[in-house]
Amino acid sequence: MNIHEYQAKRLLQEYGVPVPRGYAATNSREVETAISHLGDDMIVVKAQIHAGGRGKGTFIDGYKGGVKVVQNRQEAQDAANHMLDNTLVTAQTGPEGRKVQTLYFTEACDIKHEYYLAVVLDRETAQTMVIASTEGGMDIEAVAEKTPEKLIRVPVSPTMGLRHYHCRRVAFALGFEGEQVKQFARILTGLYKMYWEKNAMLVEINPLVETTGGQLMALDAKVSFDSNAIFQHPEIQQLRDLNEEDPKEIEASKHSLAYIALDGNIACMVNGAGLAMATMDIIQSFGGSPANFLDVGGGANEDQVTAAFKIILSDKNVKGILVNIFGGIMKCDVIARGIVAAAKNVDITVPLVVRLEGTNVEAGKTILRESGVALTPADSLVEAAKMIVDQVEKAG
Ligand code: ADP
Ligand code: MG
């Protein structure tokens, strides 16, 4: 689960990380109030969307920049008028962009230098990784790609936690000295503590700036939480912004389905995350392109299968469906009955291939064959994948 910059900054502040003063607003009245809290000099107006690259983004009507540094309150008001309810396209939003429904007004900083600092779960080493760079700011992706040696990586063992020597190592690598080493250590300690206590997977500050006055401050923040641990943190759950999530994924979570939309055209309905991944791979290896990841779980019932079909079909790109179910805990005849009932319940207008395997598979296949539902049963995963890719190609 992701949160907005302004929410992330509030959390960071609770953990002792300095951030500029700021106020969020979602409508014109709140915009006025927010601006009135700030002085009548340089103000930064920031579009709040769950995507980065805002500074270099462009609104669909041509208005440039999702992060605007303006000279006074009037200009802040003008920028807000352009940005609120407008759609911002950045390198991370895709061409359709994101509607900006919240703005953040914050004090402008005199920046001497922009750094990058993040604490992230590193799956490869199964450790926490502190990543830092002297080349922070809006081009960090290019730095990571072209000059990866400019990223400092310091692993932190989860059993031992962050120690002062980690902080010093990163601080020295960034070139800090004296008082700034202390400031930096306080910031990294706060970042790590927040990462750990809130079950985050990423806490990123980009840029972390040194002001002309020598103070270190977080000017932007991004936090991702582990969704599987979110039940332990009602205070974080409250920060969820459904406007920023795919409606299909929201619907799926209501039915305990693990669904992730992708941009292909062959929808998959599978039980088990591993089998779902294998199904996506095999579709791809036969030249098709998966429209989603969908794990209906080990004990999926008819209601869930129906909901899954509805969610799949609400994606206009879907030109075919591959159902791949292994009857392990559930029996294939029970699953087949569920699929047939769901298929009758939902108007399926695209080719449907169903592959069942496992307990009572013959009984299951008989039910599918005799159902009268327009579907193609398949015996193996390879055959199923070939069939659906073929049928979609022919139909298109
Ligand atoms: P994004 O990463 O989505 O582009 P940022 O919040 O990082 O958005 O802002 C982009 C750039 O705008 C920053 O790298 C920084 O140079 C500048 N900026 C952001 N906030 C402030 C601020 N409060 N004062 C001065 N400059 C800022
Ligand atoms: Mg940024």
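Ligands are counted one by one from 1 in listed order, and the atoms in each one are counted from 1 as well. One-based numbering along the sequence shown.
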query = Are any of the side-chain nitrogens in Asp41 or Arg73 under 4.0 Å away from the carboxylate oxygens of its partner?
reply = no
remark   = The protein heavy atom nearest to atom 22 (C) of ligand 1 is Val44 CG2, 3.4 Å
ask   = Thinking salt bridges, do Lys146 and Asp139 make one under a 4.0 Å N-O criterion?
value = no
message = Angle between ring planes, Tyr115 versus Phe176, binned at 30° and 60°: parallel, tilted or perpendicular?
response = tilted
request  = Please identify which atoms of ligand 1 are closer than 4.0 Å to at least one heavy atom of Asn206.
outcome  = 7 (O)
request  = Using a strict cut-off of less than 4.0 Å between a Lys/Arg side-chain nitrogen and an Asp/Glu carboxylate oxygen, indicate whether Asp220 and Lys9 qualify as a salt bridge.
outcome  = no
Contacting atoms of ligand 1, where contact means under 4.0 angstrom from a heavy atom of Asp220 = 1 (P), 2 (O), 5 (P), 6 (O), 7 (O), 8 (O)
message = I'd like to check which ligand 1 atoms, numbered from 1 as shown, lie under 4.0 Å from a non-hydrogen atom of Pro207.
response = 7 (O), 13 (C), 14 (O)
query = Among Lys46, Met42, Lys222, Met138, which residue places a heavy atom closest to atom 6 (O) of ligand 1?
reply = Lys46
inquiry  = Considering both backbone and side-chain atoms of Cys109, is one of its nitrogen or oxygen atoms within less than 3.5 Å of a nitrogen or oxygen in ligand 1?
reply    = yes
ask   = Purely on distance, is any nitrogen or oxygen of Lys56 under 3.5 Å from one on ligand 1?
value = no
message = What I want to find out is whether Glu14 reaches Arg10 closely enough, with some N-O distance under 4.0 Å, to be called a salt bridge.
response = no
key: Protein heavy-atom partner closest to atom 26 (N) of ligand 1 - residue, atom, separation in Å   = Ile111 CD1, 3.5 Å
query = When you measure from atom 9 (O) of ligand 1 to each heavy atom in Thr90, Val69, Val67, which option holds the nearest one?
reply = Val67
query = In terms of side-chain geometry, is the basic nitrogen of Lys198 or Glu235 positioned less than 4.0 Å from the acidic oxygen of its partner?
reply = yes
ask   = Considering only heavy atoms, does Val209 approach ligand 1 within less than 4.0 Å through its side chain, its backbone, both, or neither?
value = neither
query = Salt bridge or not for Glu244 and Arg98, using N-O below 4.0 Å?
reply = yes
Identity of the N, O or S atom of Asp220 lying closest to the Mg ion (ligand 2) = OD2
inquiry  = Among all the protein's non-hydrogen atoms, which is closest to atom 27 (C) of ligand 1, and how far away is it?
reply    = Leu219 CD1, 3.6 Å
task = Check whether any N or O atom of Arg54, backbone or side chain, sits under 3.5 Å from an N or O atom of ligand 1, and answer yes or no.
result = yes
query = Is any side-chain N of the basic residue among Glu251 and Lys310 closer than 4.0 Å to the acidic one's carboxylate O?
reply = no
ask   = Any idea which protein heavy atom is nearest atom 14 (O) of ligand 1, and the distance to it?
value = Glu114 OE1, 3.0 Å
message = Ring-plane angle category for Tyr192 and Trp196, please: parallel below 30°, perpendicular beyond 60°, tilted otherwise.
response = parallel
remark   = A student comparing Lys68, Arg21, Glu107 should find that the heavy atom closest to atom 23 (N) of ligand 1 comes from Glu107
task = Look at atom 17 (C) of ligand 1 and say whether a protein heavy atom is found at less than 4.0 angstrom from it.
result = no
inquiry  = Regarding Glu32 and Arg29, does a basic nitrogen lie under 4.0 Å from an acidic carboxylate oxygen?
reply    = no
Glu5-ligand 1 polar pair, N/O distance under 3.5 Å = no
key: Basic-acidic side-chain contact under 4.0 Å: Lys46, Glu5   = yes
request  = Among all protein heavy atoms, pick the one closest to atom 4 (O) of ligand 1 and tell me residue, atom and distance.
outcome  = Gly55 N, 2.8 Å
message = Is it true that Tyr116 and Glu204 share a donor-acceptor pair across their side chains at a distance under 3.5 Å?
response = yes
message = Under 2.8 Å from the Mg ion (ligand 2) - does any N, O or S atom of Met138 fall there?
response = no
